[in-house]
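Note that the coordinates shown come from a computational prediction; the quantities given were computed from them, not determined experimentally.
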Amino acid sequence: MGSGSPQLDALQRPERLQEVLKHDNVDDCTPCRVTGAAAFMGLGAYSYFSGHSQLKAQQGKILQSKSMFGMRSRQAGITGTALVLAGMGFWRLVN
């Protein structure tokens with residue numbers, strides 16, 4: 001065996017996470033960042049507007065169901081989800 005060949009026991013061990021992360025510092029190109037950010041922000045806007053319009057359309061059924069989760073909690077859930085997606089888009093743009 002040559003001096004550059006790894007030993008068998010080294011091949012059977014998984015790589016250390018720190019070593020993998022050290023070699024995984026690839027920067028994305030600007031168009032990739034912009035595209036990813038636009039996708040997340042667009043998904044956030046879509047989920048906000050479509051979610052609230054669906055809630056408005058189903059408002060009568062929701063109120064009649066006497067559910068523990070009323071309109072306000074559902075609106076807050078949709079708004080929170082949309083904000084998280086928009087935040088992910090912003091994070092994607094700057095990181």
Side-chain angles (χ1 to χ4, degrees):
M1 282 189 153
S3 62
S5 299
Q7 298 296 321
L8 182 60
D9 63 329
L11 292 174
Q12 292 176 345
R13 285 190 307 241
E15 291 185 70
R16 295 177 154 241
L17 179 61
Q18 289 79 15
E19 293 297 319
V20 172
L21 291 176
K22 192 185 307 181
H23 299 294
D24 189 39
N25 55 0
V26 178
D27 289 329
D28 283 340
C29 62
T30 302
C32 296
R33 288 176 186 255
V34 170
T35 302
F40 275 119
M41 288 182 183
L43 187 58
Y46 174 77
S47 65
Y48 179 83
F49 289 112
S50 69
H52 281 283
S53 70
Q54 289 176 21
L55 270 183
K56 192 177 289 185
Q58 298 292 325
Q59 183 174 4
K61 288 182 181 179
I62 293 169
L63 294 176
Q64 285 178 353
S65 71
K66 306 279 192 227
S67 172
M68 181 173 89
F69 301 105
M71 288 298 291
R72 287 190 187 245
S73 64
R74 292 171 194 234
Q75 289 171 339
I78 290 171
T79 303
T81 302
L83 285 174
V84 167
L85 288 167
M88 288 171 63
F90 179 74
W91 182 86
R92 177 71 178 111
L93 187 62
V94 299
N95 284 324

On a heavy-atom basis, which atom in C32 and which in R92 lie closest, and how many Å separate them? O-NH2, 3.7 Å
Do the side chains of V84 and L43 join up, straight or via other hydrophobic residues, at under 4.5 Å, putting them in one cluster? yes
Spacing of L93 atom CG and D28 atom CG [to the nearest 0.5 Å]: 11.5 Å
Ring pair (Phe, Tyr, Trp, His ring centres under 6.0 Å): which pairs involve residues 26-63, sequence neighbours left out? Y48-H52
Residues in side chain to side chain donor-acceptor pair (under 3.5 Å) contact with E19, at least two apart in sequence or another chain: K22
Nearest heavy-atom neighbours spanning S47 and L85: OG-CD1, 3.8 Å
Heavy-atom pair with the smallest gap, counting every atom of E15 and V20: CB-CG2, 3.7 Å
For S73 and G70, indicate whether the former's side chain and the latter's backbone hold a donor-acceptor pair under 3.5 Å. yes
Reported CD-to-CD distance for the pair Q75 and Q59, which is rounded to 0.5 angstrom: 7.5 Å
Nearest 0.5 Å please: distance from the CZ atom of R72 over to the OG1 atom of T79. 12.0 Å
With sequence neighbours left out, what residues match T81 under side chain to side chain donor-acceptor pair (under 3.5 Å)? none
Side-chain heavy atoms nearer than 4.5 Å, only ILVMFWY residues, links allowed to pass through others: does that put L63 and L55 together? yes
Assigning hydrophobic clusters by single linkage (Ile, Leu, Val, Met, Phe, Trp, Tyr; side-chain heavy-atom cutoff under 4.5 Å), is I62 placed with I78? yes
